[in-house]
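Structure first, commentary second.
Since the model is a prediction, treat every value here as computed from it, not as a measurement.
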Amino acid sequence: MTYCLGIRLKEGLVALSDTRITSGNQTVTAKKYKLYKKGDYNIFLMTSGLRSVRDKTLTYFSEIMEEKLKDMTRMHQVVNALGEQIKRVAKEDKKMLEDSGIEFSINTIIGGQLDGDEEQKLYLLYPQGNWIKIGKGYPFTIIGNSGYGTPVLRRTISYYESSIRFALKTGFLSFDSTRVSANDVGFPIDVIVYPKGSKNLIIKRFEERELSEISHLWGDKLTQAVQEIPDDWADSVIHGSD
């Protein structure tokens, strides 16, 4: 499984992904993002799903980007191009995979801005090649193992009010909630920040030892918060009263 997160804020874009890839009985570490650049503008994408589908799709897509990115002016053109390559791979491989009992699976987060875009954009693409744009009312998306890390983001992230610093903290807590609950998601993690108006992406990899103190603090704070919540309502359960 995978954990990849994209957050869209007034201040810019924030992305985070784990690096654990499972192939058969082997587990390796590899980055799950790819970068593209056109002049002063940047695009990043992150993927989850079946590795063979991912690798083939991104190979085809990179060839398209080398040839046609210079003519693209809007992010939705890039997203459509990737969607077409997903459909191409599905046409070539989906039936064979399903006949073998393997699900055709690829989900993608794409973020960035081109010269024709008035602001930065963030998109989620599905295995069918269709997509949605991540809006300001619900400004984040997770692909891969999404169940454990979603609640903390829903309770805290705001397009207008959250800073990049706050999103980085909350994004890590979302990842950490997933990591401790799923053994197929783990360190190192790659973090991408694309500040509004910037010409460059900021990329950094964190090892577990670098963030272990934050992880332990988060666990302690959760325990403390549960202890502080009023529990007199539980007396009727414990003592069997009406």
Side-chain angles (χ1 to χ4, degrees), residues 1-9 12-23 26-37 42-55 57-59 61-62 75 78-79 82 86 105-112 120-127 131-132 134 139-150 152-153 157 162 164-195 200-212 214-215 218:
M1 189 58 78
T2 292
Y3 176 93
C4 294
L5 165 68
I7 304 175
R8 182 184 175 206
L9 306 169
L13 301 177
V14 174
L16 183 152
S17 70
D18 81 322
T19 57
R20 185 170 295 181
I21 294 179
T22 301
S23 181
Q26 294 184 335
T27 299
V28 298
T29 295
K31 67 179 183 181
K32 297 178 180 176
Y33 68 86
K34 287 187 70 68
L35 307 176
Y36 303 93
K37 190 173 182 66
N42 297 275
I43 300 166
F44 66 85
L45 66 81
M46 302 181 294
T47 56
S48 70
L50 191 63
R51 185 176 180 184
S52 63
V53 174
R54 171 193 181 275
D55 289 353
T57 299
L58 294 184
T59 297
F61 179 64
S62 293
M75 278 296 297
V78 176
V79 179
L82 179 55
I86 293 174
S105 175
I106 180 171
N107 290 279
T108 312
I109 296 172
I110 297 186
Q120 293 171 323
K121 304 290 180 67
L122 187 68
Y123 298 86
L124 169 64
L125 279 84
Y126 298 103
W131 52 264
I132 60 172
I134 304 305
F140 69 88
T141 186
I142 300 173
I143 56 175
N145 203 327
S146 61
Y148 302 108
T150 298
V152 65
L153 294 164
I157 290 294
S162 298
I164 287 177
R165 182 183 295 269
F166 184 85
L168 284 170
K169 288 197 297 183
T170 309
F172 170 70
L173 298 182
S174 173
F175 159 78
D176 199 57
S177 298
T178 305
R179 178 189 65 84
V180 300
S181 303
N183 60 13
D184 52 5
V185 172
F187 284 95
I189 58 172
D190 290 324
V191 173
I192 300 173
V193 175
Y194 190 7
N200 298 298
L201 297 172
I202 302 166
I203 302 170
K204 183 172 175 59
R205 174 167 291 188
F206 290 93
E207 302 289 342
E208 184 171 5
R209 66 179 182 277
E210 298 177 89
L211 297 174
S212 60
I214 304 300
S215 180
W218 172 233

Hey, are the side chains of [X] and [Y] touching, using non-hydrogen atoms and a 4.5 Å cut-off?
X: F187; Y: L211; result: yes
X: T57; Y: L82; result: yes
X: D176; Y: I214; result: no
X: F61; Y: V78; result: yes
X: S174; Y: I142; result: yes
X: Y33; Y: C4; result: no

Can you name the closest pair of heavy atoms from [X] and [Y] and give their distance?
X: G112; Y: Y194; answer: CA-CE2, 3.9 Å
X: L16; Y: M46; answer: O-SD, 3.9 Å
X: G111; Y: M75; answer: C-CE, 3.8 Å
X: Q120; Y: R8; answer: O-NE, 3.6 Å
X: Y148; Y: A182; answer: CE1-CB, 4.2 Å
X: T47; Y: T2; answer: O-CG2, 4.0 Å

Original post:
Are more than 12 heavy atoms from other residues, nucleotides or ligands located less than 6.0 Å from atom CZ of R205?
Top reply: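 Buried by this count: over 12 neighbours within 6.0 Å.
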Rounded to the nearest 0.5 Å, what's the gap from [atom1] on [X] to [atom2] on [Y]? Could you check?
X: T178; Y: D18; atom1: OG1; atom2: CG; result: 9.0 Å
X: K37; Y: L201; atom1: NZ; atom2: CG; result: 7.0 Å
X: L13; Y: F44; atom1: CG; atom2: CZ; result: 5.0 Å
X: L124; Y: I109; atom1: CG; atom2: CD1; result: 6.5 Å
X: F140; Y: L153; atom1: CZ; atom2: CG; result: 4.5 Å
X: I192; Y: L45; atom1: CD1; atom2: CG; result: 9.0 Å

**OP:** Test I110 against I43 for side chain to side chain contact (heavy atoms under 4.5 Å, CB included), laying out the working first.
**Re:** CA-CA 7 Å; I110 297 186; I43 300 166; 4.0 Å; yes
**OP:** Ignoring hydrogens and angles, tell me if any N or O in the side chain of T108 forms a donor-acceptor pair with the backbone of L125 under 3.5 Å.
**Re:**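 Pair absent, no side-chain N/O of T108 close to backbone of L125.
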Subject >> All side chain to side chain donor-acceptor pair (under 3.5 Å) counterparts of T29, not counting sequence neighbours >> reply: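 In terms of side chain to side chain donor-acceptor pair (under 3.5 Å), with neighbours along the sequence ignored, T29 is linked to no residue.
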Subject >> Near-ring test F175/F206, centroid separation under 6.0 angstrom >> reply: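 Between F206 and F175, the centre distance exceeds or equals 6.0 Å.
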**OP:** Using distance alone, with no hydrogens and no angle criterion, decide if R179 and S215 have a side-chain donor and acceptor under 3.5 Å apart.
**Re:**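 The answer is yes; a qualifying pair exists.
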Subject >> Test side chain to side chain contact (heavy atoms under 4.5 Å, CB included) applied to Y126 and I86, N107, I143, the passing residue >> reply: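 When I86, N107, I143 are each tested with Y126, the side chain to side chain contact (heavy atoms under 4.5 Å, CB included) holds only for N107.
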Original post:
Would you call the rings of W131 and Y123 parallel, tilted or perpendicular if under 30° counts as parallel and over 60° as perpendicular?
Top reply: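 Answer is perpendicular, since the angle exceeds 60°.
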Original post:
Are D184 and R20 close enough for a salt bridge, meaning some N to O gap below 4.0 Å?
Top reply: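 Answer for the salt bridge query: no.
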